[in-house]
Protein chains: 4
Amino acid sequence: MKEKMGKRDKIIKSAMILLTKHGFHAAPMSKIADRAGVAAGTIYTYFNSKDDLIEAIFIELRNEMMNLYEKEILKADTTKDKFIIFYKSVLSHMAANPLHFRYLEQYQNSPYGISLRRDTLSGKEADPSPLSGIFREGVAKKEIEIKDLPNQVLMAHVFGPLIALAREHALGFIRLDDKTILMSAEVAWLSVIK
Amino acid sequence: MKEKMGKRDKIIKSAMILLTKHGFHAAPMSKIADRAGVAAGTIYTYFNSKDDLIEAIFIELRNEMMNLYEKEILKADTTKDKFIIFYKSVLSHMAANPLHFRYLEQYQNSPYGISLRRDTLSGKEADPSPLSGIFREGVAKKEIEIKDLPNQVLMAHVFGPLIALAREHALGFIRLDDKTILMSAEVAWLSVIK
Amino acid sequence: MKEKMGKRDKIIKSAMILLTKHGFHAAPMSKIADRAGVAAGTIYTYFNSKDDLIEAIFIELRNEMMNLYEKEILKADTTKDKFIIFYKSVLSHMAANPLHFRYLEQYQNSPYGISLRRDTLSGKEADPSPLSGIFREGVAKKEIEIKDLPNQVLMAHVFGPLIALAREHALGFIRLDDKTILMSAEVAWLSVIK
Amino acid sequence: MKEKMGKRDKIIKSAMILLTKHGFHAAPMSKIADRAGVAAGTIYTYFNSKDDLIEAIFIELRNEMMNLYEKEILKADTTKDKFIIFYKSVLSHMAANPLHFRYLEQYQNSPYGISLRRDTLSGKEADPSPLSGIFREGVAKKEIEIKDLPNQVLMAHVFGPLIALAREHALGFIRLDDKTILMSAEVAWLSVIK
DNA sequence: TATGAATGAGACTTCATTCAT
DNA sequence: AATGAATGAAGTCTCATTCAT
């Protein structure tokens, strides 16, 4: 299986593992190359710099996740269903790919992620989460009523628990099964709805 | 005021600022020494290594926070009051000390923090949060009923939002005032209580 | 016109431009290939190594210049005319081809050029300048008398100014017109003649 | 003797030798450190970068030369004497320090030197040569008359031969004695004077 | 002939830590 | 206790050259 992967994919996989395990700074390019089975210089055929590589992996993982819930959400009718499906699919995906999750989290806590976040808020970058849209639509249709709280506070009560659980799982401190995920989603729903 | 600080305190302060701002790896000891107004070698009079320094700062900040809510919680009567006061005091403190918060968060996402966490769960280290105790007490007194969820899931729905909001604030994406903090606390309370 | 050039010529042209602009070391083979519109490996079909390429360009430029003044000099009768025509044609040619001039100069200041020079003096390589011959002939014919100075000192007073002016021109610090070139040639003539 | 030199001086000396011998690019910092008898990192205690080191050496050598002829020139009365002393002292100094000469020449042909030259011409940097001043003064005093040629052409007929001779000497192709130097100076004087 | 991905030696530079003063 | 020059291992990245296609 590894034999079939192109060199770029091997590098990305190796980098994701080592960058996550040791941190962005503590994973040398030489080790990444070794693990990928390529020469040190080869990485630079595919990426301009270590920063570039780090960002490329982030983009790859984020796109993967965005594609995921875009498909999932179509199955739902009501606003609540959409929310629950969204929450479940994101958390399940994170639980199924703990490495991906830890990579994303590390990236978002790094200077890169922080400036990206700044751009998202200021509108330079598109918001990758559809959640605000789902709520707005539900309110417009008078299907739901939302608590009178700043949007970012509501989001904190949805994504905060989600990420906290994903982290516990990724670090091996709990095991998330479908039932637990669903219960957590219900709690999050209640946090937002009036 | 700075004049009164001993060299050790000056080093800790300088290190906290630079380690937070640039990340653990991107803050050289020499710069930390410069900012503290001491020679590079002097740091090693007080700390055995950079890792040592990083850990010492963590311990200092954690103790500071533990002392804080231990005092605050005494003021409360009911379980809910204790919870609300706890939530508010932690979040207010984080909001008032964004640098401290970001340091703690960075530490906990690093290899250091993760192994520390492992030790806490396995009982080698004391749990620094009194929340489980507060709930247990309330349940025992039949004052409250808790949702039938694994403890870590409940904790995720309390600390998840709390940390998410603290981060937003620390990064300057929202401004937390007392009213917002209280509302968030109420939502978290509802997440836990049956 | 570029369309008609063979790959070898395209490589030589691209290399000359980039090697001159950035220096021998700072012009990567890959960039030379890019600019020439060929693959990196193709250069090695025509040249054994970068050093080889560098030397081949030098030889090409030197031959070009030698052919030039061999033709020009036939037009002259007197020794002085030969000298003036030689000086003018060399300096005009350098002024008209600043890139060629800078390449030659860079080459001659490099280890390559220095060992080549050594070979010329020791007789292993032919002297590319006909100047000594012109003077010797004039003296033999009793047409002129030369100052009693070592040959290399005389040459320094001819080629020194010539090259200094060519450099000023190549770097854009002065503009050499025909009148200026002629005046400089006259001064050089006076430097040599008793 | 070498024992008395400070580390900075040892580095400069080692660098000057190796940079001159192999060219700026082909002399690695590690070798420079080896020859200076210091660790690789030590160079960076004294210089910020290789470029910095290269420039620092240039400045040191240029200052040395400027100090030299400023002292020498005071001995002279007439304009011609000033010129001859200047020419002789510069050429003697270059002949006595071939390494310094070759370093300066290499620097001036490099991108650094060229942009420095640009700054000198545009007035941003002071002209390090007093020659124009000497001539202007002589003309003002009606002591001499200068050929009707652009200043840069006159300078080319003075510095061109001077540098050509210094190079021949530095490369070991001729041996400059005081008599030869004086004769060359006289020829240069005639090139400039009407 | 021509390609260009891959190689890997080697360049510059950083920085935690030591130690003579 | 304090200094800060010195160390040298380790990191990122470049680039001449090769070779399977």
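As the structure is a computational prediction, the values presented were derived from the model and not from experiment. Residue numbers begin at 1 in each chain, while the letters A, B, ... track the order of the sequences.
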Expressed as a whole number of angstroms, how long is the span from C/R8:CZ to E/dA2:C1'? 17 Å

Take A/A39 and C/T45, find for each the nucleotide of DNA chain E with the closest heavy atom, and name the residue whose nucleotide sits nearer the 5' end. C/T45

D/D52 atom CG is separated from E/dT13 atom C1', nearest whole Å, by 13 Å

Atom of C/A56, atom of C/R8 and distance for their closest heavy-atom approach: CB-NH2, 4.3 Å

Rounded to whole angstroms, how far apart are CD1 on D/I32 and P on F/dG8? 18 Å

Output the rounded distance in Å from NZ (A/K7) to P (E/dG4). 17 Å

Could you check how far CD1 of B/I43 sits from P of F/dA1, rounded to whole Å? 15 Å

Euclidean distance, atom OH of residue A/Y46 to atom P of F/dT12 [Å, nearest integer]: 20 Å

Quick tally for nucleotides 15-21 of chain E: nucleotides whose base has a protein heavy atom under 4.0 Å get B, sugar-phosphate-only ones S, the rest -, giving SSBB---

Exactly one candidate in A/V38, A/I43, A/T45 meets side-chain contact (heavy atoms from CB on, under 4.5 Å) with A/K7; the answer is A/V38

Calculate the interatomic distance between D/F47 atom CZ and F/dA5 atom C1'; express it in whole Å. 14 Å

Output the rounded distance in Å from CG (C/D34) to C1' (E/dT3). 13 Å

By side chain to side chain contact (heavy atoms under 4.5 Å, CB included) - contacts of B/D34 (at least two apart): none

Looking only at heavy atoms, which two atoms of B/N48 and B/D52 are closest? And how far apart? N-OD2, 3.5 Å

Show me, pair by pair, the donor-acceptor contacts under 3.5 angstrom made by side chains of residues 18-33 of chain A, not counting sequence neighbours?
{"from": "A/T20", "atom 1": "OG1", "to": "A/M16", "atom 2": "O", "distance (Å)": "2.6"}
{"from": "A/H22", "atom 1": "ND1", "to": "A/L18", "atom 2": "O", "distance (Å)": "3.4"}
{"from": "A/H25", "atom 1": "ND1", "to": "B/H25", "atom 2": "ND1", "distance (Å)": "3.4"}

Residues pairing under side-chain hydrogen bond (donor to acceptor under 3.5 Å, both in side chains) where one sits in residues 100-115 of chain D, two or more places apart or in two chains, turn out to be D/D51-D/Y112, D/E64-D/H100, D/E105-D/R167

Residues which pass side chain to side chain donor-acceptor pair (under 3.5 Å) with D/R117, listed by chain and number, not counting sequence neighbours: C/E168

Going by the rule side chain to side chain contact (heavy atoms under 4.5 Å, CB included), which residues pair with C/D9 if we only count those two or more places apart in sequence or in a different chain? C/M5, C/E60

Restricting to pairs with a member in residues 28-55 of chain B, which pass ring pair (Phe, Tyr, Trp, His ring centres under 6.0 Å), not counting sequence neighbours? none

Paired runs of 3 or more consecutive Watson-Crick or G-U pairs involving DNA chain E, with both pairing distances under 3.5 Å, are E:2-21 with F:2-21

